[in-house]
Amino acid sequence: MAFTYWVLFALCGSVLGILPGNNTTGIPCENHYDCEPGKACIDFQCEDPCLGLCGLNTICHVVGEVSMCSCKPGFIGQPFNGCFPEVCTMNSDCPEENICSDHLCKDACKDTCGLNSVCKAVKHRAICSCNPGYVWKPFLGCHVESRKIVIQMKCTRDSDCSLNSTCSNDECVDPCIGVCGNNTVCNVMNHRAACACKSGFIGDPFLECVAQNTSIPENITKKYKIGNDEVTWYTAIQRCRYEGMRLASIMNESEQAEMRKSIARSPGTLVWTSGNDLSSKGHYVWDGSGNSFDYTNWGQGEPEISDKYRCIAIKGNVYTWLTANCHALTHYACEYFEN
């Protein structure tokens, strides 16, 4: 039987392109036992199974005919695509599903989203969404969606309606219907619709918000809402998102003036903005858009560049900017847009 098997390979070898070898079948290999350690039998040839298989900063292991990739010690990531050092100084030092925290690459989704929610990490940011059948509730997270019975109320003016509705054609109606554009959320404040871009988007919320567009038309005014409770900078980001807004940025002098008016009507000596230098010490950007500071209103001696003070707040009585510990508890400003 072995002789017949050898004859068949000898006759068909030239047709199949199989080169003669030193083993009994007349071909280089039939299985990995015919090859030297570290090589595998691939298409009847002894080949290195690791060649071109693993990404950067990886180690390839060969067990039998199976090759396995793993990150080098001190590196993390996806070994078939590439691994990154565990130690980092900014988010770009880590895989996209991680953030740089305390100089280590950590899961961006860890402890970020609440119950009944799912988290997806995109470009070092955690994006939370509710499971089917659940909806966001401010400060609470995902809760079971309930059906509401809508009763049309008769009215002659807005004050005849609840604060979350407006008087239109003698009826109290939802002012958000058909008002905001794509990729936006709508909140009702004192009978008026307030549109804001979804987290990660920017633009004209009354028309459309897109990820790359950073321009805002002149007829759109940025407004600020001051949170009454005192929270850390990280919690302030979540509080604004729960309300369909973003932690505040101040791009020019007119927005600074609007912020001043908002703070003057609210309590608190410090108010969080989205400004920070967490990605690169001394390089300040607005969280969400990633835009660097073109306009500033620093107080005397600011900014204080240090490992302790990485987030930007506004001093309520003088309205100047200062660096602060991101874990400090203070008030915060959310931004939205009106035309």
Side-chain angles (χ1 to χ4, degrees), residues 87-94 98-106 108 111-112 123-126 199-200 202 214 222-241 245-336:
V87 179
C88 60
T89 57
M90 60 184 69
N91 285 341
S92 59
D93 294 335
C94 303
N98 294 116
I99 59 172
C100 184
S101 176
D102 298 326
H103 300 292
L104 294 175
C105 293
K106 298 180 180 179
D111 301 326
T112 300
K123 294 184 178 179
H124 314 290
R125 293 189 179 278
S199 178
I202 194 167
T214 58
K222 184 188 290 185
K223 298 288 186 178
Y224 300 103
K225 178 183 178 183
I226 309 301
N228 292 325
D229 50 341
E230 296 182 334
V231 299
T232 68
W233 184 83
Y234 303 98
T235 302
I237 291 177
Q238 295 300 323
R239 293 288 172 86
C240 291
R241 286 178 179 173
M245 294 179 279
R246 295 189 305 183
L247 194 58
S249 62
I250 303 174
M251 308 302 293
N252 50 55
E253 191 172 340
S254 63
E255 292 182 5
Q256 171 70 21
E258 184 64 36
M259 176 65 78
R260 179 170 182 157
K261 289 192 296 184
S262 301
I263 294 177
R265 295 191 295 264
S266 303
T269 56
L270 286 179
V271 177
W272 285 128
T273 71
S274 70
N276 67 89
D277 70 343
L278 294 171
S279 295
S280 179
K281 188 164 65 174
H283 177 65
Y284 295 97
V285 298
W286 297 111
D287 185 76
S289 67
N291 291 331
S292 301
F293 286 13
D294 292 326
Y295 167 83
T296 60
N297 190 44
W298 294 114
Q300 185 175 2
E302 296 290 345
E304 181 178 343
I305 301 173
S306 70
D307 292 329
K308 186 177 181 180
Y309 304 117
R310 309 299 298 271
C311 297
I312 309 303
I314 297 177
K315 197 170 183 179
N317 55 346
V318 293
Y319 313 107
T320 56
W321 304 2
L322 74 161
T323 55
N325 189 320
C326 301
H327 296 282
L329 300 177
T330 188
H331 300 278
Y332 56 95
C334 301
E335 65 181 33
Y336 61 97

### Query
Would C105 and C94 satisfy disulfide bond (SG atoms under 2.5 Å apart), going step by step from the backbone distance to the final call?
CA-CA 6 Å; C105 293; C94 303; 2.1 Å; yes
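- Screening residues 314-324 for salt bridge (charged side-chain N to carboxylate O under 4.0 Å, His left out), with sequence neighbours left out, gives no hits.
- Between W272 and N325, the shortest heavy-atom contact is CH2-O, 3.1 Å.
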### Task
Report the C-alpha distance between N276 and I312 in whole Å, list the side-chain angles of each, state the deciding distance to 0.1 Å, and finish with yes or no for side-chain contact (heavy atoms from CB on, under 4.5 Å).
CA-CA 6 Å; N276 67 89; I312 309 303; 5.6 Å; no
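- Residues E230 and L329 come closest through the heavy atom pair CB-C, 4.0 Å.
- Evaluation of the side chain to side chain contact (heavy atoms under 4.5 Å, CB included) rule for K106 yields S101, D102, L104 as partners, not counting sequence neighbours.
- Side chains of M251 and K222 form a contact here, defined as non-hydrogen atoms less than 4.5 Å apart.
- Checked against side chain to side chain contact (heavy atoms under 4.5 Å, CB included), C334 has the following partners two or more places apart in sequence or in another chain: C240, M245, Y332.
- Annotation: side chain of L322 is in contact with side chain of L270 (closest heavy-atom distance under 4.5 Å).
- The closest side-chain heavy-atom distance from W286 to I250 is below 4.5 Å.
- Judged as a side chain to side chain donor-acceptor pair (under 3.5 Å), the pairs with a partner in residues 294-303 (not counting sequence neighbours) are, in order, E302-T323.
- What you find for Q256 and Y319 is that their closest heavy atoms are NE2-O, 2.9 Å.
- With sequence neighbours excluded, the residues satisfying side chain to side chain contact (heavy atoms under 4.5 Å, CB included) with C326 are W233, Y234, L278, R310, C311.
- Across every non-hydrogen atom of E335 and S249, the tightest pair is OE1-N, 2.8 Å.
- Every residue meeting the side chain to side chain contact (heavy atoms under 4.5 Å, CB included) condition with A108, not counting sequence neighbours, appears here in chain and number order: I99, A121.
- Here the side chain of S274 pairs a donor or acceptor atom with the backbone of A248 at under 3.5 angstrom.
- The two atoms that bring T273 and L247 nearest to each other are O-CD2, 3.3 Å, heavy atoms only.
- Using a 4.5 Å heavy-atom cutoff, the side chains of K261 and Y224 are not in contact.
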